[in-house]
Each structure stands twice: as structure tokens, then as C-alpha cells.
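This is a predicted model, so every value here is computed, not measured. Just so you know, ligand 1 is whichever comes first in the structure, and atom 1 is the first atom listed for that ligand.
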Amino acid sequence: MNTEHLISTFVEYFEERGHRRILGSTLLPPPGDPVLFTTSGMHPLTPYLEGRPHPLGSRLVDVQRCLRTTDLEEVGDATHLTVFEMLGTWSLGDYDGPLSLDWGYGLLTEGLGVDPGLLYATVHGGDNRTDQDTASLRLWQDKGVPVELTAEDNWWSNGPVGPCGPDSEIFLWSGEGPPRSTPTRDDRWVEVWNHVTMSHRRLDDGSLVPLPRRNVDTGLGLERLASLLQGKPSVFECDVFDPWRRLVPPLWHLDESSLHIVCDHLRSAVVVLGDGVRPAGTGRGYVLRRLVRRVLTLLWRDDPSRGVGDLPQELVRHTLDHFRQDMPPGDVLVHLIEEEQRFRRLLERGRQVLARPRFRGLLTEEDLHYLHDTHGLPRDLVTTLRQE
Ligand code: SER
């Protein structure tokens with residue numbers, strides 16, 4: 001099942017159950033939002049989760065692009081991407097968590113053909129914020145799905161303030177052979193779908209207040225589930241990355257982990273540019289800059305003549321089309337190339353700085369901080385420059 005089919009199966013399943021499809025927003029949260037990028041499907045819906053009536057009613061479904069920089073260091077492994085898509089459903093004061101789990105189980109097993117024996121669920125076991133979620137526990141027990149109870153891992157919030165609550169997460173076994181152990185003890189259990197009962201709101205002073213009505217917010221990582229359904233060992237092998245895997249390796253010879261990082265970061269940079277962000281020294285633009293510079297650092301490790309200008313327009317167009325962005329691919333490439341030129345100039349300056357007598361010997365932590373803060377030279381890069 002390719003990702004387009006997965007999206008339509010998901011959306012139709014929930015439309016048949018009274019949900020209205022809403023259009024996902026861009027990666028940029030509305031003005032005034034303290035967070036730089038949309039990090040989850042519920043993010044653009046925050047006012048409605050906090051009580052405002054939604055014009056399309058109380059059952060919603062969508063696909064939302066998200067960007068998570070908290071996972072940046074994990075990109076390259078089998079399950080993390082910087083920009084990814086989340087399939088989401090919401091009950092705004094309508095049905096409750098167990099019904100959402102029941103539908104989730106039905107879609108996974110009947111709609112998508114997942115073997116029920118490969119599922120595990122986690123449920124909130126109770127703590128000082130909430131009682132044990134016995135209704136969800138019972139639902140899973142009735143279905144014969146094994147359950148692990150946790151506290152911290154089953155409380156979801158989108159940040160220090162805002163709507164939050166207990167959740168039940170659905171995991172799928174990705175290992176060879178029969179499933180073993182439990183989700184918190186074996187990372188071959190991959191979390192695919194989180195069902196949160198948004199019951200509270202955390203205020204600036206850290207206190208929790210009950211929301212005027214309980215909502216359900218679910219999020220399913222599209223590329224993660226697609227790779228598992230397609231029997232692939234990582235998100236980079238699902239169909240979303242087919243053109244990248246076809247066109248990048250002949251261009252630049254890279255080891256597998258560097259290939260993942262290069263494809264992830266370039267694809268993310270294209271989407272971020274497509275949503276109107278430009279490279280800068282702070283905020284969103286700095287995230288974009290870090291993505292591009294991280295790619296260049298990897299590419300130049302083996303061959304400094306490589307450049308983002310080599311990237312086929314087809315890849316840029318494929319990404320922009322997928323995210324329904326209308327920026328011309330040539331303009332995206334111009335911004336990437338300009339950023340590369342800025343970085344090359346920075347490196348040139350870096351070489352001159354590192355040639356100073358002060359930096360000839362072993363570099364101390366203080367030197368590395370100084371080089372980063374004053375000359376904008378990341379640690380990786382200094383190390384590479386010293387090896388030249
Ligand atoms: N907000 C939850 C998450 O991002 C469920 O959508 O995991």
C-alpha cells in the first residue's frame with residue numbers, strides 16, 4: 001500500500017464515521033504562537049481543543065505536515081524524520097477515547113490488514129494527575145491486545161502550556177520473528193498511533209485545569225506506518241523516498257546513514273522554503289540554515305566540489321507537489337545555492353581563523369565555543385577543517 005492509498009483509506013474510514021476532512025495547514029503556526037513550527041497534527045487546532053466551536057463540527061480528520069527539531073539528532077535511524085506527515089482525527093467534546101481506540105484497531109486490522117498479533121498498546125496507569133485509564137485498558141483486553149501501563153510515557157502535551165492529557169499508544173512489532181518483550185523495553189515495538197484524551201490545560205504557572213469538555217486527539221505517523229506496511233526496515237525505504245533513493249546515490253556516494261540524513265534534511269529544507277521561510281541567523285530561518293549546512297558538511301567531508309546545485313529539479317518538484325506547494329522548483333534551488341555560497345565564504349574565513357597561532361594546538365572547549373559563537377563555525381566543521 002503506497003502512502004497516497006494509505007491517506008485515502010484513513011480519511012475515508014473516518015468520513016464514513018461522521019468526520020469532516022479539514023485542510024492541513026502549513027508548517028508555520030499562526031502569529032503569536034510561541035513555537036517555531038507545527039510539531040503535531042493537533043497544533044493548528046489548539047483553539048478548538050480549548051473550547052472554541054469548529055465551523056465543520058465536532059468530528060474532524062486531516063493530514064498535517066509537521067517539523068520536529070527535537071528529533072534532529074535521531075534522524076538517520078529507522079523511524080525519525082525532520083519533516084513528516086501526521087494523519088489525525090479529533091473528537092471535539094463528541095465521542096470518547098475507547099471508541100477512538102476501537103475504530104483505530106478496526107482500521108489497522110481490517111482496513112489496512114495488520115496482523116492483530118503484532119500489536120501492543122500502552123495505557124495510562126494513573127498518577128497524581130489522573131486515575132488509571134480503566135476504560136481503555138478494558139477495551140484492549142476485550143480485543144486481546146497486550147497492554148503495558150505507564151505514567152510519564154502516557155501523558156501527552158504539545159509543550160509546557162496548553163491542552164494535554166492521558167493517552168493510549170498503539171505499537172506495531174517491526175522485528176524478525178514473533179513479538180517479544182514490551183514497548184518500553186524493546187524498541188522494535190514502533191509507536192504508530194497515539195490517541196490522546198485532551199482532558200486538561202496546563203497554565204503558565206504549571207498548574208493543570210480541566211478543559212470545559214473532553215476531546216480526543218489522535219495522530220498517526222504516515223511514513224512510519226507506510227514503511228511497516230510495505231515491509232521496509234526504515235522510513236527512508238517507504239515509497240515517499242523512492243525518487244530520492246533513485247536519484248541521490250548516483251549523484252553522491254554516501255554511506256547509508258549519511259544518505260538518510262542528506263535526503264531527510266534536503267527534503268525538509270525544500271518544504272520549509274516552500275512554506276516561505278528563508279535562511280537566517282535566528283528562529284525558523286536558523287533551523288533551515290542548520291539543515292542545509294548539515295547536509296553540506298556531510299557532502300564535503302568526501303568531496304568539497306559537491307553542491308546543492310547538483311540536486312535534480314525533479315526531486316524538488318516531487319517534494320513541492322507532494323506537499324501542494326506552489327513555489328517554482330528553480331527558486332528553491334536558487335535559495336539553496338545562495339545558502340551554500342554563504343557557507344563556503346564562512347568556511348574560507350574559518351580556515352583563516354584556524355590558521356592563527358592560538359588555534360594551532362589542541363582546541364579546548366572554550367576555543368570551540370568561541371569559534372562557534374563568534375565566527376559561526378560548528379564543532380563538526382572545525383573538526384573537518386582541522387583534518388584538511
Ligand atoms: N498529539 C498527539 C501526538 O502528536 C496525537 O495526535 O502524538
Side-chain angles (χ1 to χ4, degrees), residues 6-7 10-11 13-14 19 21-22 24-25 27 29 33-50 54 58-71 74 79-105 107-108 120-124 129-130 133 136 150-172 183-184 189-202 208 211 214-225 228 235:
L6 179 51
I7 293 173
F10 183 93
V11 171
Y13 181 89
F14 282 98
H19 293 66
R21 183 171 184 169
I22 50 171
S25 78
L27 284 175
D33 192 302
V35 174
L36 288 180
F37 289 102
T38 297
T39 53
S40 87
M42 55 70 69
H43 201 136
L45 290 167
T46 305
Y48 307 104
L49 291 165
E50 288 179 346
H54 193 283
S58 59
R59 297 184 180 198
L60 306 172
V61 57
D62 83 358
V63 189
Q64 173 65 49
R65 54 179 172 272
C66 303
L67 185 149
R68 287 193 184 169
T69 47
T70 40
D71 293 341
E74 289 176 86
T79 55
H80 290 90
L81 292 169
T82 307
V83 166
F84 61 98
E85 286 182 283
M86 204 181 254
L87 293 161
T89 61
W90 292 275
S91 154
L92 301 175
D94 191 321
Y95 56 86
D96 61 7
L99 181 55
S100 176
L101 294 173
D102 191 19
W103 284 340
Y105 178 83
L107 175 59
L108 286 173
Y120 215 115
T122 59
V123 165
H124 202 288
R129 293 170 291 202
T130 187
D133 182 3
S136 299
T150 88
E152 217 38 63
D153 287 353
N154 283 106
W155 182 269
W156 200 86
S157 56
N158 193 35
V161 294
C164 52
D167 65 16
S168 177
E169 300 180 357
I170 306 176
F171 290 77
L172 191 51
T184 64
W189 285 108
V190 177
E191 183 209 328
V192 289
W193 200 348
N194 190 7
H195 293 235
V196 186
T197 297
M198 293 283 186
S199 53
H200 288 78
R201 177 179 185 182
R202 194 175 287 283
L208 278 179
L211 283 170
R214 285 158 73 88
N215 310 293
V216 182
D217 150 50
T218 86
L220 180 152
L222 176 67
E223 299 84 353
R224 247 185 222 187
L225 185 61
L228 291 166
V235 282

Handout entry: Heavy-atom donor-acceptor pair, Asn215 side chain to Gly93 backbone, under 3.5 Å
Key = yes
Practice task
Taking side-chain hydrogen bond (donor to acceptor under 3.5 Å, both in side chains) as the test, write out the residues that go with Trp189, two or more places apart.
Solution key: none
Handout entry: 4.5 Å side-chain heavy-atom contact, Ser40 and Arg68
Key = yes
Handout entry: Contact residues of ligand 1 (heavy atom under 4.0 Å), by chain and number
Key = Ser40, Met42, Arg68, Met86, Trp156, Asn194, Val196, Asp217, Thr218, Gly219
Practice task
Could you tell me whether Tyr48 and Trp90 have their ring centroids closer than 6.0 angstrom?
Solution key: no
Practice task
Please list, chain by chain and in numerical order, all residues satisfying side-chain hydrogen bond (donor to acceptor under 3.5 Å, both in side chains) with Asp167, sequence neighbours excluded.
Solution key: Asn154, Asn194
Problem - Residue list, side-chain hydrogen bond (donor to acceptor under 3.5 Å, both in side chains) with Ser58, at least two apart or on another chain - result: Asp94
